[in-house]
Amino acid sequence: MVNRPVIGVVGAGVIGSQVAQTFAQAGHPVVLVDVHDEALERARRSISRDLRFHRMLAGGSTGPGAAAKTQAAKTPAAKGAAPGAAAAGNAPAGNAAGGEGESRTAVLERITFTRDLAPLAEAELVVENVVEDWEVKRGVYEKLDPLCADGCLFAVNTSVIPITRVAAATGRADRVLGMHFMNPVPLKPMVEVVRGHHTSPGTLDRARELLAGIGKEAVVVADAAGFVSNRVLMLTVNEAVFTVHENVSAAEDVDRLFKGCFGHPMGPLETADLIGLDTVLLSLDGLYAEFADSKYRPCPLLRRMVDAGLLGRKSGQGFYTYPQI
């Protein structure tokens with residue numbers, strides 16, 4: 001196998017672990033960093049489970065055609081659970097550079113799970129996935145910038161925080177860009193790439209090349225809070241929550257309308273549960289702060305659900321109920 005550059009991933013939550021898995025399946029050595037041992041252990045278990053499940057459904061293949069088999073093998077959950085829960089699960093797709101039929105052990109062995117940032121000194125690309133809190137993110141980049149090689153690219157995986165603001169916290173503004181991966185990362189063929197004010201053409205070219213190597217198409221957009229995807233999606237999700245809050249419709253019927261009338265594979269409330277209601281709330285709060293526009297004010301029901309710990313799939317309960325594995 002061709003030697004592939006080391007990829008660093010900071011933050012071992014749902015998206016971070018899926019990003020690590022996707023690059024590892026494509027043959028990259030990956031360093032997955034988190035400040036919490038329990039988060040790293042959850043990530044290890046999640047990646048192992050997803051690889052095992054994927055191989056079972058896809059007949060042992062980890063190649064590009066396997067994702068379609070995995071998707072087709074899944075059926076919607078019964079009424080009372082999320083109608084799109086199975087179809088939007090975390091079974092990983094194969095990637096353009098990965099080996100067919102490669103063992104789960106081989107993929108896991110490419111990933112270093114650690115609390116130590118030091119191994120990121122070898123990375124060519126670091127994808128940062130920490131919580132949507134500017135002070136937390138700034139602290140991470142203040143540690144990464146002096147540690148990483150000069151040529152290392154920083155990819156900010158954020159929903160709403162402007163890339164130019166992140167770049168200003170580093171000494172390499174031309175090598176900072178946004179990479180907005182969507183959940184579930186292994187199954188999504190596209191990544192929203194965000195060009196900051198100082199992001200160089202060479203940085204964008206290298207990002208496109210690295211993403212193509214894991215079977216992803218890059219769509220480049222300019223830097224603005226929420227970019228394209230979340231600026232539109234969060235409004236839709238929030239209004240869908242308002243329809244439940246105001247007793248206009250049940251959650252199941254909101255989602256049925258979007259799937260049956262518009263052909264969406266998932267409704268907005270299923271999507272919110274998949275993203276995590278806490279992440280949705282942080283995104284809306286961030287959009288409201290950036291634009292000072294009342295259209296982004298979060299629905300009171302959304303805030304109450306987050307306060308109650310009803311976060312969606314990650315907690316087992318959101319607008320739907322999910323079995324905990």
Side-chain angles (χ1 to χ4, degrees), residues 1-55 62 90-99 101-131 136-137 139-158 170 172 175-177 179 181 183-186 191 206-207 209-211 213-216:
M1 178 177 281
V2 175
N3 287 333
R4 302 189 183 281
V6 175
I7 304 297
V9 180
V10 179
V14 173
I15 295 293
S17 63
Q18 291 179 6
V19 170
Q21 173 186 325
T22 302
F23 275 102
Q25 282 185 272
H28 290 273
V30 176
V31 179
L32 178 58
V33 182
D34 199 283
V35 295
H36 300 294
D37 286 328
E38 56 269 31
L40 292 166
E41 185 53 36
R42 276 197 307 271
R44 187 193 301 273
R45 290 197 305 268
S46 175
I47 293 169
S48 178
R49 181 180 66 244
D50 288 352
L51 290 169
R52 182 173 62 248
F53 181 59
H54 171 70
R55 287 173 61 81
T62 60
N90 294 336
N95 298 299
E102 190 172 44
S103 75
R104 177 166 49 107
T105 300
V107 175
L108 282 168
E109 284 179 348
R110 290 199 196 99
I111 305 174
T112 300
F113 298 83
T114 181
R115 294 176 58 189
D116 186 8
L117 290 172
L120 296 177
E122 303 299 319
E124 182 172 315
L125 169 73
V126 173
V127 183
E128 174 268 305
N129 308 271
V130 305
V131 66
V136 174
K137 284 188 181 288
V140 168
Y141 285 98
E142 286 174 351
K143 294 176 181 177
L144 288 176
D145 197 37
L147 171 67
C148 294
D150 286 345
C152 179
L153 307 185
F154 289 169
V156 190
N157 192 9
T158 176
T170 76
R172 62 182 77 206
R175 283 150 284 163
V176 179
L177 73 161
M179 277 190 186
F181 290 90
N183 186 5
V185 175
V191 176
R206 183 57 177 144
E209 182 181 359
L210 288 166
L211 288 170
I214 60 171
K216 310 293 186 193

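Residues: numbered from 1 along the sequence shown.
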Please check: side-chain N/O of Arg4 versus main-chain N/O of Ala26, any donor-acceptor pairing under 3.5 Å? yes
Between Ser48 and Leu108, is any pair of side-chain heavy atoms under 4.5 Å apart? yes
For Ala155 and Leu125, work out which heavy atoms get closest and say how close. CB-CD1, 3.9 Å
Residues forming a side-chain hydrogen bond (donor to acceptor under 3.5 Å, both in side chains) with Thr158, sequence neighbours excluded: Glu132
Would you mind reporting whether Val126 and Cys148 have side-chain heavy atoms less than 4.5 Å apart? yes
Could I get the full list of side chain to side chain contact (heavy atoms under 4.5 Å, CB included) partners for Ala24, not counting sequence neighbours? Val30, Val107, Arg110, Ile111
Taking all non-hydrogen atoms of both residues into account, name the closest pair between Pro29 and Pro5 and its distance. CD-O, 3.7 Å
Taking all non-hydrogen atoms of both residues into account, name the closest pair between Ala123 and Gly8 and its distance. CB-N, 3.8 Å
Can you run down the side chain to side chain donor-acceptor pair (under 3.5 Å) pairs that involve residues 115-129, sequence neighbours left out, and say none if there aren't any? Glu124-Arg206, Glu128-Lys137, Glu128-Tyr141, Asn129-Asn157
For the CG atom of Leu32 and the CZ atom of Arg44, what is their distance to the nearest 0.5 Å? 9.5 Å
With sequence neighbours excluded, what pairs up with Thr112 under the side-chain hydrogen bond (donor to acceptor under 3.5 Å, both in side chains) test? none
Taking every heavy atom of Leu153 against every heavy atom of Ala207, the minimum-distance pair comes out as CD1-N, 4.5 Å
Donor-acceptor pair, distance only, cut-off 3.5 Å: does the side chain of Thr22 make one with the backbone of Gln18? yes
Heavy-atom side-chain proximity of Met179 to Val19 below 4.5 angstrom: no
Residues forming a side chain to side chain contact (heavy atoms under 4.5 Å, CB included) with Glu142, sequence neighbours excluded: Arg138
Contacts of type side chain to side chain contact (heavy atoms under 4.5 Å, CB included), residue Ala121, not counting sequence neighbours: Leu147
Is there a side-chain contact between Gln21 and Val185 (heavy atoms, below 4.5 Å)? no
Quick check for you: to the nearest 0.5 Å, what is the distance between Lys143 atom NZ and Leu117 atom CG? 6.5 Å
Closest heavy-atom pair and its distance - Leu40, Ala12: CD2-CB, 4.0 Å
Of all pairs that satisfy side chain to side chain donor-acceptor pair (under 3.5 Å), the ones with a partner from residues 145-156, not counting sequence neighbours: Asp145-Arg172
Please identify each residue that fulfils side chain to side chain contact (heavy atoms under 4.5 Å, CB included) with Val35, with sequence neighbours left out. none
If every non-hydrogen atom of Ser17 is compared with every non-hydrogen atom of Ile47, which pair is closest and at what distance? O-CD1, 3.5 Å
